[in-house]
Amino acid sequence: MPAMVRSLAARALNEPSQSVFNFLRRIRTARPQLQSVRALSALMSPPSKAVVYDQHGPPDSVVRMVELPPVEVKENDVCVRMLAAPINPSDINRIEGVYPVRPPVPAVGGYEGVGEVYSVGSAVKEFSLGDRVIPSPPSSGTWQTYVVKEQGVWHKVDKDCPIEYAATIIVNPLTALLMLDDIITLNSGYSVVQNGATSIVGQCIVQLAQLRGINSINIIRDRVGSDDAKEMLKKLGADEVFTESQLNVKNVKSLLNSLSEPALGFNCVGGNSASLVLKFLRQGGTMVTYGGMSKKPVTVSTSAFIFKASHISMLCFLFCILLNGINTKYVELSLRGFWLQKWLGSDKATDRGRRIDYLLSLAKEGKLRYEMELVPFDNFNVALDRALGKLGSQPKQVITF
């Protein structure tokens with residue numbers, strides 16, 4: 001700027017015919033150009049279309065789609081053009097304000113997804129333009145067309161993996177993998193039992209268990225379409241599938257036929273459904289609670305199991321209805337809670353990249369699959385209504401950008 005001013009001043013002195021007013025006018029004309037050059041020196045993202053909420057409440061009432069201005073891409077930042085992002089139950093809970101960990105409002109919705117590197121800061125060496133990436137650990141704000149975050153947030157993934165699986169690989173499949181691998185040692189021939197088997201986590205448990213030679217006993221709700229749900233789970237590799245009403249028998253273990261009594265159970269429902277899981281477990285078995293869809297407790301509150309990550313060993317009273325009446329059976333069980341958010345923040349998460357890549361390789365090979373519905377971002381409100389259950393049972397909603 002000083003050099004240009006000096007140049008203009010010298011020309012004004014050498015050209016007496018030009019008035020001072022002309023000199024000042026030329027200075028004013030030059031200033032916006034200089035400001036534009038200075039602005040271009042900072043790398044900026046494109047403007048972004050985003051789903052935001054300014055307060056907590058019912059998602060269909062508080063979210064709205066807005067245009068966000070460009071964001072500076074600092075030297076260690078990566079700007080990612082989003083390709084796909086799911087609507088998970090935990091996303092809805094964050095908007096409602098009931099999830100234990102949530103961003104301050106106003107906030108952009110979404111927690112996981114997949115995108116393509118659009119630009120990088122000057123200090124970024126591990127990523128190149130066009131790389132396919134996911135936030136790992138997941139990070140708030142994926143329901144927008146461009147996301148700018150520090151390079152350590154991103155994990156490079158194989159471009160050959162379908163985007164809907166890359167977008168959804170952490171919250172549900174990783175939960176299933178960790179609960180199968182990290183709670184107890186499960187050998188080939190062992191059995192597991194779970195409720196909520198038609199959920200994404202449930203479907204992943206069925207498939208991952210089968211790959212390990214582990215049998216799965218699955219409990220689903222009595223509802224319209226339960227026969228179709230049974231068939232779907234069987235095709236994925238489920239050994240046994242029961243509706244809750246089918247388990248109103250004197251001894252549920254009599255339904256196992258040649259399968260071993262389950263050593264491990266998974267509960268994401270609570271209430272009576274959790275009791276059914278407990279009834280299947282063998283002496284010394286473990287039940288892991290990772291959700292509470294019925295909002296009914298499992299002896300102690302569901303949130304205490306999951307979010308405080310307590311480990312409780314106790315004598316559980318299981319009521320077995322025998323031919324000669326009702327007897328009480330004392331069985332030593334271990335009851336645990338699992339919360340992915342806590343695991344991601346622990347020292348155990350150092351190998352999460354390896355586990356994510358393993359799951360994505362299974363998805364790419366067709367060995368891990370679950371039903372999803374891709375919905376254009378402009379139709380977000382339709383996808384949200386489906387995710388909220390307004391239109392009955394629907395596949396996982398995945399937004400595409």
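Fair warning: this is a prediction, and the values are worked out from it, not measured in the lab.
Salt bridge status for Arg354 with Asp351: present, with a side-chain N to carboxylate O gap under 4.0 Å. With respect to Arg102 and Asp91, no salt bridge is recorded, no charged nitrogen being found less than 4.0 Å from a carboxylate O. Asp158 and Lys364 are joined by a salt bridge, as a carboxylate oxygen and a charged side-chain nitrogen come within less than 4.0 angstrom of each other.
Between Pro138 and Leu344 there is a side-chain heavy-atom pair separated by less than 4.5 Å. Here the side chains of Leu177 and Cys204 are not in contact, with every heavy-atom distance at 4.5 Å or above. Contact annotation: the side chain of Glu126 never approaches that of Val78 to less than 4.5 Å [non-hydrogen atoms, C-beta and beyond]. Counting heavy atoms from C-beta outward, Glu112 and Asn88 have side chains that approach closer than 4.5 Å. At a threshold of 4.5 Å between non-hydrogen side-chain atoms, the residues Val252 and Phe242 do not count as touching. Within the 4.5 Å cutoff, the side chain of Arg369 has heavy atoms near those of the Gln207 side chain. In this structure, Pro173 and Tyr370 have side chains that are in contact, with non-hydrogen atoms separated by less than 4.5 Å. Annotation: side chain of Val375 is in contact with side chain of Arg386 (closest heavy-atom distance under 4.5 Å).
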- Take Gln194 and Asn267 through the test side-chain hydrogen bond (donor to acceptor under 3.5 Å, both in side chains) and record every step on the way to the result. CA-CA 6 Å; Gln194 65 169 336; Asn267 165 51; over 6 Å; no
- CA sep, side-chain torsions, deciding dist, call: Glu244, Leu247, side chain to side chain contact (heavy atoms under 4.5 Å, CB included): CA-CA 5 Å; Glu244 292 179 355; Leu247 300 179; 5.8 Å; no
- Message: Using the rule given for side chain to side chain contact (heavy atoms under 4.5 Å, CB included), can you reason through Asp131 versus Trp154, listing the C-alpha separation, both sets of side-chain angles and the distance that settles it, and then say yes or no?
- Response: CA-CA 10 Å; Asp131 283 347; Trp154 302 105; over 6 Å; no
- Message: Go through it in stages, so that I can follow the logic: the residues are Ser136 and Arg352, the test is side-chain hydrogen bond (donor to acceptor under 3.5 Å, both in side chains), and I'd like the CA-CA distance, side-chain angles, deciding distance and then a yes or no.
- Response: CA-CA 8 Å; Ser136 173; Arg352 70 171 177 267; 3.0 Å; yes
- Report the C-alpha distance between Tyr53 and Arg64 in whole Å, list the side-chain angles of each, state the deciding distance to 0.1 Å, and finish with yes or no for side chain to side chain contact (heavy atoms under 4.5 Å, CB included). CA-CA 6 Å; Tyr53 53 102; Arg64 56 194 175 91; over 6 Å; no
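Between Asp77 and Val124, the closest heavy-atom pair is O-CG2, 3.4 Å.
Residue-environment remark: CZ (Arg221) stays at or below the threshold of 12 foreign heavy atoms within 6.0 Å. In the displayed structure, Lys234 atom NZ is contacted under 6.0 Å by more than 12 heavy atoms of other residues, nucleotides or ligands.
Checking side-chain atoms of Gln246 against main-chain N and O of Thr243 turns up a donor-acceptor pair under 3.5 Å.
Of the inter-residue distances, the one linking Leu233 atom CG with Ser226 atom OG reads 11.0 Å to the nearest 0.5 angstrom. In this structure, Ser191 OG and Leu186 CG are separated by 9.5 Å, a value rounded to the nearest 0.5 Å. Distance check, rounded to the nearest 0.5 Å: CD1 of Ile134 to OH of Tyr165 gives 15.0 Å.
Each of Pro89, Pro100, Pro103, Pro59 was evaluated against Arg94; a single residue qualifies, Pro103, per the side chain to side chain contact (heavy atoms under 4.5 Å, CB included) test. Of the options Val52, Val108, Asp54, a side chain to side chain contact (heavy atoms under 4.5 Å, CB included) to Val66 is made by Val52 and by none of the others. Remark: of the listed residues Gln394, Lys390, Gln397, Lys390 is the sole one forming a side-chain hydrogen bond (donor to acceptor under 3.5 Å, both in side chains) with Asp385. Shown are Lys253, Arg282, Lys279; of these, the salt bridge (charged side-chain N to carboxylate O under 4.0 Å, His left out) with Glu261 is made only by Lys253.
No close placement of the Trp143 and Tyr111 rings is indicated, their centers lying 6.0 Å or farther apart.
The cationic group of Arg81 does not satisfy the cation-pi geometry with Tyr118, failing either the under 6.0 Å distance to the six-membered ring centre or the 45° limit from the ring axis.
Qualifying ring pair (Phe, Tyr, Trp, His ring centres under 6.0 Å) partners for Phe377, counting only residues two or more places apart in sequence or in other chains: Phe401.
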